[in-house]
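So that the names make sense, note that chain A is the first sequence line, chain B the second, and so on, each numbered from 1.
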Amino acid sequence: MNGINTASGLMPPDSASGTTLHTIVAVMSFLACLTLGAVLTLSRLASEWTEGLSGSVTVQLLPSPQIGGDDQLSDALRITRAWPGIFAARALSRDEAMGLLEPWLGEGNVLADLPVPQLIEVTLTPGRQVNLQGLSKSLNENVPGAHLDDHQRWNRELASFAASSEAVGWAVLLLITLATLAIVIFATQAGLQAHREIVEVVHMIGARDVFIAGEFQRHFMWLGLRGGLMGLGLATATLIAISLMWNSRDAPVGAQYLPQFVSAPQHYIWLLLVPAITGLIAMFTARMTVLRVLGRMP
Amino acid sequence: MVRFENVGMRYGLGPEVLRDISFSLEPGAFHLLTGPSGAGKTSLLKLIYLAERPSRGMISMFGRDTGTMPREELPPLRRRIGVVFQDFRLLDHLTVLENVALPRRVMGQTEAQYHADVEELLAWVGLGNRLNAKPPTLSGGEKQRVAIARAVVAKPELLLADEPTGNVDPDIGGRIMRLFIELNRLGTSMLIATHDQRIIERLPATRVLKLSEGRLATTNEPLQPEAMRA
């Protein structure tokens with residue numbers, strides 16, 4: 001066969017229009033991947049916050065003239081540990097309680113003078129309904145100065161904040177998807193216009209519409225897919241770089257409190273959908289456009 | 001094979017470029033389509049190779065009325081016709097071999113089925129050593145022969161050529177016409193559109209269609225070189 005491939009694609013492999021489409025799809029995929037990464041992170045945070053808070057409660061023991069500190073703690077621990085559905089109850093040391101206040105009050109002598117209440121961290125048995133109202137009532141009646149905090153106020157506010165942020169993220173993702181759709185359609189149509197001569201010649205020598213559409217849709221699907229993969233690669237590198245930067249010792253103050261971007265492997269599977277979608281959009285646009293152009297020919 | 005009855009054609013809302021055209025092409029015959037530039041030769045060829053629809057009249061191809069045929073039945077009809085376009089219309093990004101193989105590919109044939117035929121055909125038209133060349137690197141005569149090879153590779157029953165010698169020197173023009181005569185001897189019906197008087201005079205006895213201002217002046221008359229000269 002003389003090493004000559006007579007079955008290569010009908011489309012020029014590296015045309016100017018192809019390069020333009022490539023670049024545009026890569027940029028839009030990059031933006032879509034970053035937005036999707038942010039949305040997935042927000043979604044994960046929302047569930048983590050909710051699960052984290054709903055899986056534990058805290059018992060605060062304020063000093064009371066009716067009972068000594070040690071008795072107060074042992075009574076509260078006994079009642080709590082005996083309550084149905086409680087997995088564990090642990091008294092926090094003074095240092096641990098101080099540590100919780102440090103982010104707000106800072107380090108220093110000021111903490112030593114504060115009357116920090118004794119705290120008991122209570123872990124609930126996962127998947128089991130616990131009568132927290134009953135526990136609260138029992139503690140109030142039997143342990144003076146004891147107060148159960150079930151985090152409901154924080155829980156509601158955090159869940160509301162996370163849900164709002166997630167909704168904004170999805171809205172931005174939707175807008176980027178629509179913009180990507182419009183740009184890919186426009187660039188594909190422009191690319192096809194540049195190759196109209198090929199459509200006409202192949203049509204005149206007796207090719208059926210589906211044959212021509214098949215050649216074009218395959219070509220544009222690969223263009224869309226390659227552009228999408230380039231965008232995904234850039235976005236993944238950016239997300240990893242952000243995560244590494246936030247975790248590094250040189251990270252700015254407070255960075256350790258920021259969420260980890262796209263830490264779960266399944267998030268990267270979601271991101272893989274972006275190039276697949278850009279490839280499919282380019283493919284269907286090419287098919288529809290070619291069939292419409294051919295439909296106007298005899 | 002091809003029959004036109006009172007065919008008229010216009011582009012869009014413009015004036016008719018072809019008016020009351022009636023003729024028929026006979027199987028195995030060698031036809032000429034002559035007339036000055038702008039007479040409507042290319043438009044008439046477009047109607048035959050189904051690139052345009054008539055605005056009126058009836059066109060019958062291979063025994064079927066093209067006006068009543070569904071669009072999806074036209075591709076098999078086009079494959080029975082080979083066309084050598086005036087401007088060749090080769091695909092610049094494909095090699096000579098790939099360009100010539102195109103009609104066989106669109107018929108659904110595999111490379112194994114057509115490769116040997118394409119190589120043999122290109123050797124026959126004197127391009128056996130340019131198989132891997134791209135059209136932009138070819139001379140006008142070479143492009144013309146690639147276009148001819150592409151037009152005949154699927155063994156069409158009718159070959160149409162639009163000014164096939166218009167872009168080549170007289171020597172190559174003569175070689176191309178000898179090629180057409182040879183193809184005609186092998187059984188392909190020919191319709192050659194040309195206004196090149198030297199070509200007309202050198203052709204064997206044939207039939208001529210003479211167009212003038214969109215009308216057919218002479219139909220289905222045996223060509224008399226002396227009369228043409230006058």
Side-chain angles (χ1 to χ4, degrees), chain A residues 1-22 188 190-220 222-223 226 286-298, chain B residues 46-47 49-54 66-67 69 71-83 85 87-119 128 131-134 147 150-151 153-154 156 160:
Chain A
M1 297 261 179
N2 293 341
I4 298 165
N5 176 21
T6 55
S8 61
L10 287 182
M11 303 292 295
D14 295 313
S15 60
S17 57
T19 309
T20 309
L21 181 62
H22 225 211
T188 305
L192 283 171
Q193 203 56 38
H195 298 307
R196 198 185 163 91
E197 169 80 4
I198 300 174
V199 177
E200 287 176 358
V201 168
V202 181
H203 175 69
M204 285 309 140
I205 62 176
R208 290 188 183 279
D209 292 358
V210 286
F211 174 89
I212 303 172
E215 290 283 333
F216 275 78
Q217 74 189 39
R218 194 165 57 241
H219 175 80
F220 279 92
W222 282 116
L223 276 181
R226 282 208 306 267
R287 182 178 183 81
M288 292 300 119
T289 309
V290 168
L291 290 177
R292 199 174 62 240
V293 167
L294 286 168
R296 288 198 287 262
M297 295 180 185
Chain B
K46 281 182 177 174
L47 286 176
Y49 65 74
L50 304 168
E52 298 287 347
R53 295 253 191 207
T66 59
M69 282 177 74
R71 193 176 167 280
E72 55 273 17
E73 288 183 21
L74 294 179
L77 218 55
R78 288 194 181 98
R79 293 175 194 170
R80 299 171 74 174
I81 305 167
V83 185
F85 299 100
D87 51 357
F88 316 132
R89 303 193 80 169
L90 303 176
L91 303 185
D92 285 348
H93 62 287
L94 299 183
T95 64
V96 164
L97 196 78
E98 289 166 345
N99 264 289
V100 173
L102 216 46
R104 302 281 289 267
R105 273 183 69 185
V106 304
M107 290 165 73
Q109 293 188 5
T110 63
E111 191 180 353
Q113 287 174 300
Y114 59 67
H115 193 102
D117 288 349
V118 174
E119 273 197 350
L131 302 183
N132 212 15
K134 297 278 178 74
R150 184 179 67 185
V153 73
L160 309 176

Given heavy-atom pairs under 4.5 angstrom as the criterion, report whether the side chain, backbone, both or neither of [X] touches chain A.
| X | result |
| --- | --- |
| B:R71 | side chain |
| B:L102 | both |
| B:R150 | side chain |

Under the salt bridge (charged side-chain N to carboxylate O under 4.0 Å, His left out) criterion, do B:D117 and B:R104 qualify, and how do the steps go? CA-CA 10 Å; B:D117 288 349; B:R104 302 281 289 267; 2.8 Å; yes
Keeping A:R208 on the side-chain end and B:E72 on the backbone end, is there a donor-acceptor pair under 3.5 Å?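 Looks like yes, one N/O pair under 3.5 Å.
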Check: B:R105 side chain, B:E98 main-chain N or O, donor-acceptor pair, under 3.5 Å: no
Compute the centroid of each ring, for A:F216 and then for A:F211, and state whether the two points are separated by less than 6.0 Å. no
Name the member of B:A51, B:G82, B:P103 that forms the most heavy-atom pairs with chain A at distances under 4.5 Å.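 The answer is B:A51.
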